[in-house]
Amino acid sequence: MDKPIALIDGNNFYVSCERVFQPHLLGKPVIILSNNDGCAVARSEEAKALGIKMGAPLFKIRDLVKEHGVKVLSSNYTLYGDMSRRVVDAVSQFSPHYEIYSIDENFVDLSGFGERYEAIAVEMRSTVRQLTGIPNCVGIGSTKTLAKLANFAAKKNPIFGGVCDFTKSAVLAWCLDRIPVGEVWGIGRQTQIKLASQGITTAAQLRDMPRTLARQLGTVVLERTVAELQGIRCLEIEDVAPQRKGMAVTRSAGQPMRNLEAVMQALTAHASRAAEKLRMHGLVAGQITAFFHTNAFSKTAPQHSVSRTIKLKPMTNNTFDLVQAVSRCAHAGWHPKAEAIGYAYTKAGVMLDDLLKEEDASKMLFDVEQPRDARLMKAMDAINDRYGKKKLVLASQGFKNTHEAKADMRSPRFTTRMSDLPVIY
DNA sequence: TCTGGGGTCCTAGGACCC
DNA sequence: TCTGGGGTCCTAGGACCC
């Protein structure tokens, strides 16, 4: 028998985080909005039952929300991140060999438990629930792809009681015949269309597809997915997080930005935040891209999109360096007649690439050490850490902050702020 | 008129994920 | 009026090299 892998996944994770601290939300339709309160990115079961789709723009579901009294919340990533960490703590008690796959999913190697792994999975599920308050499901399979799919079955079909084991061949066969191919990890819309043209619509049919055909139709990725469905392990549990390759800070603006100054305020804020993230991870970047564009959804507004990339020499994580770089990008890309034409930029972002650990960054020839800069950045981070984000910013970020996003319905940071701790009477 | 045969590296763009 | 943000991997094709 193959070594089993489990995938444990929080149910409607963001909604569940909110419900832990606001039990009155239990049993009610709840949605969590994206940044800027734009669209629904998480939904309770009750909200899903009303037909609210993932990613639905709020303004398009306003009637539905009103009619059914759907509770609407801005996203509170500080809370979700902290709850996620608590879930990982609970999971890590069960196996030293696990991978944090996303904010609400963890792969766990169950091979150390002999034949008892299903009982362990059941225990893990209830322990996570007990220690964090987050309801969750567990899928077990001989590959990551099968574990993901088993998790889907555990969520969808109550007969499994929240734990579905695909290492049982009868369960596996029964489910694969019934699960639409689009639910398989790695099969998106485009691939689904291609597969449909071959008459492949279920997970079982995908499993039975010749691997050479899979390669022809897709890429090595699709071939790997077919192999994994057949129980051939192609993807290992990555318990050591690989070095990340890029990093981005992008935001929609609260108000349209119509002049260079407004765009520069946003880009300054994003570059500053990006520099903070670099320093937090002990990284430096070798390349930076600044972009901004108008609202692509608009059918009537004149469209314009700017993206400029420059090398950072030497590699850096210094706020002033990054802000200077995005300023060069913005000035180089700015349309001289933008204001006259009436371009309304609604989104801006900064992307960093060629990331390297600070200590690995090769010193450039003639590079001059700048200890004062490093000390300044340290002081800046310390001040913002102590007195709250964005207390100390560069002047070019401005005070008007037209780019700042809406978050009108955000819950308190229950677990990470002294002032927001829940009070018990 | 006839014009090789390999390599590598980089980038842009597509597809997918949560 | 109002449509998220942050990642990964793969491929094709161009530039360049000897």
Side-chain angles (χ1 to χ4, degrees), chain A residues 7 9-14 31-43 52-63 65 72 74-77 80-81 84 99-107 144-145 148 151-152 181-195 214-225 234-235 238 241-256 266 270 273-274 277 281 286-287 289 291 293-301 307 309 311 344 346-355 403 405-409:
Chain A
L7 178 72
D9 181 335
N11 302 350
N12 315 324
F13 186 69
Y14 295 174
I31 60 173
I32 312 293
L33 300 177
S34 65
N35 235 306
N36 220 13
D37 291 348
C39 43
V41 293
R43 305 152 296 153
I52 297 175
K53 298 271 182 268
M54 176 69 179
L58 180 60
F59 72 91
K60 284 191 180 172
I61 53 173
R62 272 256 146 75
D63 292 345
V65 164
V72 181
S74 303
S75 39
N76 183 345
Y77 290 108
Y80 312 150
S84 174
E99 172 187 342
I100 301 170
Y101 175 64
S102 76
I103 196 163
D104 67 336
E105 291 168 281
N106 295 284
F107 286 107
K144 279 177 150 185
T145 304
K148 285 273 289 184
N151 188 282
F152 172 78
V181 73
E183 300 298 339
V184 176
W185 192 29
I187 306 301
R189 281 226 336 264
Q190 302 305 318
T191 311
Q192 226 176 306
I193 292 169
K194 280 188 205 161
L195 290 171
R215 177 112 198 202
Q216 266 175 30
L217 208 63
T219 65
V220 62
V221 181
L222 185 61
E223 185 185 6
R224 216 150 46 194
T225 297
C234 305
L235 306 167
E238 293 176 9
Q243 163 75 54
R244 72 149 98 195
K245 303 193 163 48
M247 181 183 282
V249 177
T250 71
R251 290 284 179 284
S252 293
Q255 306 282 319
H270 301 342
R273 178 67 195 134
K277 277 171 75 176
H281 290 95
Q287 180 174 296
T289 302
F291 74 85
H293 59 75
T294 51
N295 181 6
F297 290 100
S298 171
K299 300 247 190 319
T300 50
S307 173
T309 301
K311 296 277 177 204
T346 53
K347 188 166 181 170
V350 172
M351 298 190 289
L352 301 171
D353 280 295
D354 299 352
L355 305 189
H403 62 273
K406 273 194 303 184
D408 297 335
M409 297 154 281

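The model shown is predicted, which means the values in this text are computed figures rather than measured ones. FYI, side chains are in, hydrogens and waters are out, and symmetry mates aren't considered; it's all heavy atoms of this structure. Residue numbers start from 1 in every chain, and the chains themselves are labelled A, B, ... in the order their sequence lines are given, proteins ahead of strands.
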Problem - Smallest separation among heavy atoms of A:Ala40 and A:Ile52, with atom names - result: CB-CG2, 4.4 Å
Problem - Whole angstrom value for the distance that separates P of C:dT3 from CZ of A:Phe59 - result: 7 Å
Problem - Shortest non-hydrogen separation from A:Glu105 to A:Lys148 and the atoms involved - result: OE2-NZ, 2.6 Å
Exercise for the section: Would you mind classifying the nucleic acid contact of A:Ser75 as base, sugar-phosphate or nothing, using non-hydrogen atoms under 4.0 angstrom? Expected result: nothing
Practice task
Quickly work out the A:Asn151 CG to B:dC18 P distance and round it to whole Å.
Solution key: 10 Å
Completion exercise
Between A:Ser74 and A:Tyr80 the two heavy atoms that sit nearest each other are O-OH, 3.9 Å
Handout entry: Sugar-phosphate, base or nothing in reach of A:Ile187, heavy atoms under 4.0 Å
Key = sugar-phosphate
Exercise for the section: Report yes if a side-chain nitrogen or oxygen of A:Lys148 is closer than 4.0 Å to either non-bridging phosphate oxygen (OP1 or OP2) of B:dC18; otherwise report no. Expected result: yes
Practice task
Pick base, sugar-phosphate or nothing for A:Val184, based on heavy-atom distances below 4.0 Å to the nucleic acid.
Solution key: sugar-phosphate
Problem - Member of A:Ile187, A:Leu7, A:Val184 meeting the side-chain contact (heavy atoms from CB on, under 4.5 Å) criterion with A:Thr145 - result: A:Val184
Practice task
Would you mind classifying the nucleic acid contact of A:Asp104 as base, sugar-phosphate or nothing, using non-hydrogen atoms under 4.0 angstrom?
Solution key: sugar-phosphate
Quiz: residues 217-225 of chain A side-chain donor-acceptor pairs under 3.5 angstrom, not counting sequence neighbours:
| residue | atom | partner | partner atom | Å |
| --- | --- | --- | --- | --- |
| A:Thr219 | OG1 | A:Val221 | N | 3.0 |
| A:Glu223 | OE1 | A:Arg215 | NH1 | 3.2 |
| A:Thr225 | OG1 | A:Val221 | O | 3.1 |

Completion exercise
In whole angstroms, the gap separating C1' of B:dC17 from CD1 of A:Ile100 amounts to 17 Å
Handout entry: For atom CD of A:Gln190 and atom P of B:dC16, their distance in whole Å
Key = 6 Å
Completion exercise
Bend of the helix from B:dG5-C:dC18 to B:dC18-C:dG5 from end-axis comparison, five pairs per end, nearest 10°, comes to 10°
Exercise for the section: Give the minimum heavy-atom separation between A:Ala274 and A:Val350, together with the two atoms involved. Expected result: CB-CG1, 4.4 Å
Exercise for the section: May I have the distance from A:Tyr80 (atom OH) to B:dC18 (atom P), rounded to whole angstrom? Expected result: 18 Å
Practice task
Encode nucleotides 4-14 of chain C as B, S and - characters from 5' to 3', where the letter depends on protein heavy atoms closer than 4.0 Å: B to the base, S only to sugar-phosphate, - to neither.
Solution key: SSSSSSSS---
Exercise for the section: For nucleotides C:dC18 and B:dT3, find the distance between their P atoms and express it as a whole number of Å. Expected result: 24 Å
Problem - Length of the NZ-P vector between A:Lys299 and C:dT1, whole Å - result: 12 Å
Problem - Nearest non-hydrogen partners of A:Leu58 and A:Asp37, listed with the distance - result: CD2-O, 4.0 Å
Exercise for the section: Find the distance A:Leu222:CG to B:dC17:C1' and express it as a whole number of Å. Expected result: 15 Å
Exercise for the section: Sort out for me which residue in A:Asp408, A:Val41, A:Val72 forms a side-chain contact (heavy atoms from CB on, under 4.5 Å) with A:Leu33. Expected result: A:Val72
Fill in the blank from the handout: To the nearest 0.5 Å, atom CZ of A:Phe291 lies from atom OG1 of A:Thr309 at 11.0 Å
Fill in the blank from the handout: Taken to the nearest whole Å, CZ/A:Arg62 to P/C:dC2 is 13 Å
